[in-house]
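Lettering follows sequence order; numbering is per chain, from 1. Hydrogens, waters and symmetry mates are skipped; everything else that's a heavy atom, side chains included, is used.
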2 protein chains.
Amino acid sequence: MAQALPGIKEYLPHLAYDLVIFGFNGKQLKILLLEYQNTDYKALPGGFIRREEDLDAAVKRGLKERTGLDHIFLEQFYTFGSLKRSRPDIMKKIIEANGINISGNHWMLDRFMSIAYYALINFDEVNPQPDALSKSINWYNINDLPTLMMDHKEITIKALEVLKLNLDRKLIGMNLLPQKFTMKELQTVYEIILGEKLRRTTFQRKMLGKDILVRHEKLFTGGAHKAPYLYSFK
Amino acid sequence: MAQALPGIKEYLPHLAYDLVIFGFNGKQLKILLLEYQNTDYKALPGGFIRREEDLDAAVKRGLKERTGLDHIFLEQFYTFGSLKRSRPDIMKKIIEANGINISGNHWMLDRFMSIAYYALINFDEVNPQPDALSKSINWYNINDLPTLMMDHKEITIKALEVLKLNLDRKLIGMNLLPQKFTMKELQTVYEIILGEKLRRTTFQRKMLGKDILVRHEKLFTGGAHKAPYLYSFK
DNA sequence: TGTTATTGTCTCAATATGTTACAATAATAC
DNA sequence: GTATTATTGTAACATATTGAGACAATAACA
């Protein structure tokens, strides 16, 4: 089961990226977390940058490896560079828990800066894949996260803050919903990201007034009530 | 005149920071640019990160070296990581123009990512200092910039975009104005950053309504008209 | 004392948002 | 069928915010 670690000749030292991948299941906002083999550590997906590769390309590559998806909303939001964020002791445990021997001066145990990105994906389209060191990758509710490794909690909180600030400006609902959705689903996305309840009538009027939605057929769910229209973004 | 280059043992390889330092002279928004010795290159101030130094600390150190100032509004806004942004040919010219020999595989000629920050300072308080490789450092009007080295124009444009987005949220006027200022000066700061004229009466009402300003004595400038009040931030 | 440019504030109009109300459904129960 | 229920779409009105113009109150100077 022993495998080769990435070589220092292939990757830039001291540099990594981390991904906060948001998904929406119709009710709740979730993120993807890796669980490392034989440890309790849960972590954001991440990776290294090849020496002859654009930063953005490296992150897109990692995102595709974890989700199988291309052409996803992806945005850099912050670079974490404090000294204390690097924890060679934890990295060593994770690698050794995979049955790999690592020398004390291996480059993966050095200090790292992490350039953090967040991605927005349609929950239903993705089949997440764990990376080489982890045993599983799973969705976790943003309001009920487990303990995260190192500074990954801080990274996640910052991602959510940026998401909130960008909510209106970047039409973020578009990327978290299926192609067609109801007004209520759109409102739920907004409510979860903003962390507050919104008024139904005001929200509807505002969204319809923006001239960004197309109305389609009604959705009959079997509920004993008026059926809502489906919408898509223009 | 020959001097020693920074050693690879002291600094993290492949990593630099750049600073977009904004100042306001009462009329125009300006940034600080270095001019390298014996070249036509103009560039943003920047530097490297020590191996045992927090990223933020490195940038604060650099900001203090250039401006002499501490406790300045400073914010990270983006990390530039494309392959083509690194130009070892240009770096080599700059270093050799300082009368220093540099070998072709020196670490300063490697690929670099740059973590960009912007700072807001009070124009009148600062006495800028050039760095070891440059002959001068000067203020340039943001609307009339010279040709900048490598991707520094792109970095500057992005800084201005972020400044614009953060204008209301972070009370940016506070950092660009002297302690006491007139409503007109505050409005001018807003107008330049937003790139549009604002309505005097609406602006005044909005600012006074925010409950962030303290009104002081009037300012008599000698103009043949009513004297404006001076304000400071609470 | 009149002239000029600018400032502080008021008013009214135009928009935008908060709030309530209510008719129009889809399914189900009878 | 007809009544019942939950939810949706939209109208209506109230309130708040912003746009636009008007105007009196200066400072300095001729």
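- A:Lys42 NZ: more than 12 foreign heavy atoms inside a 6.0 Å radius.
- In this structure, the side chains of B:Ile193 and B:Leu176 come closer than 4.5 Å at one or more pairs of heavy atoms.
- B:Glu53 contributes a side-chain N or O that, together with a main-chain N or O of B:Arg50, makes up a donor-acceptor pair within less than 3.5 Å.
- Counting heavy atoms of neighbouring residues, nucleotides and ligands inside a 6.0 Å radius, atom NZ of A:Lys184 does not exceed 12 of them.
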(message) Can you give me the dot-bracket string for DNA chain D, 5' to 3', counting Watson-Crick and G-U wobble pairs with both distances under 3.5 Å, using [ ] for crossing pairs and | for partners on another strand?
(response) ||||||||||||||||||||||||||||||
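- When each of A:Thr202 and B:Thr182 is assigned the nucleotide of DNA chain C with its nearest heavy atom, B:Thr182 is the one assigned upstream, toward the 5' end.
- In this structure, A:Leu208 places its CG atom 12 Å from C1' of D:dT8, rounding to the nearest Å.
- Ion pairing between A:Glu154 and A:Lys158 fails under the 4.0 Å rule for side-chain N and carboxylate O.
- The CZ atom of A:Phe203 sits 18 Å away from the C1' atom of C:dT19 (whole-angstrom rounding).
- The base of C:dG18 sits within donor-acceptor range of the side chain of A:Arg205, with an N or O pair under 3.5 Å.
- Summarising the local packing, CD of B:Glu191 is surrounded by more than 12 heavy atoms from other residues, nucleotides or ligands at distances under 6.0 Å.
- Atom pair B:Lys197:NZ and D:dA20:P shows a separation of 16 Å (rounding to whole Å applied).
- For the pair B:Lys184 NZ and C:dA5 C1', the interatomic distance rounds to 11 Å; values are reported in whole Å.
- Counting heavy atoms from C-beta on, the side chains of A:Leu145 and A:Thr156 come closer than 4.5 Å.
- Phosphate proximity of C:dT7 to B:Arg215: absent, as no side-chain N or O sits under 4.0 Å from OP1 or OP2.
- Rounded to a whole Å, the NZ atom of B:Lys206 is 18 Å from the C1' atom of C:dG8.
- The main-chain N or O of A:Ala97 is found under 3.5 Å from a side-chain atom of A:Asn38 such that the two form a donor-acceptor pair.
- At a non-hydrogen distance threshold of 4.0 Å, nothing from residues 185-195 of chain B comes into contact with DNA chain D.
- In this structure, the CG atom of A:Leu198 is 13 Å from the C1' atom of C:dT17, given to the nearest Å.
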(message) Does the protein touch nucleotides 21-30 of chain C at the base, only the backbone, or not at all? Give it as B, S and - per nucleotide, heavy atoms under 4.0 Å.
(response) B--BBBB---
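- Note: CG (B:Leu219) to P (D:dA28) measures 10 Å, nearest angstrom.
- At whole-Å resolution of the value, CG in B:Leu213 and P in C:dG8 are 12 Å apart.
- With hydrogens and angles left out, the side-chain atoms of A:Tyr41 and A:Glu35 include no donor and acceptor closer than 3.5 Å.
- For A:Arg199, a side-chain nitrogen or oxygen approaches OP1 or OP2 of C:dT19 to under 4.0 Å.
- No more than 12 heavy atoms of other residues, nucleotides or ligands lie within 6.0 Å of CG in A:Asp40, so this atom counts as exposed by the packing criterion.
- In this structure, B:Arg215 is not positioned above the aromatic face of B:Tyr231 in the sense of NZ or CZ being under 6.0 Å from the six-membered ring centre and within 45° of the axis.
- Counted within 6.0 Å of CZ on A:Arg87, heavy atoms from surrounding residues, nucleotides or ligands total 12 or fewer; the atom is thus considered open.
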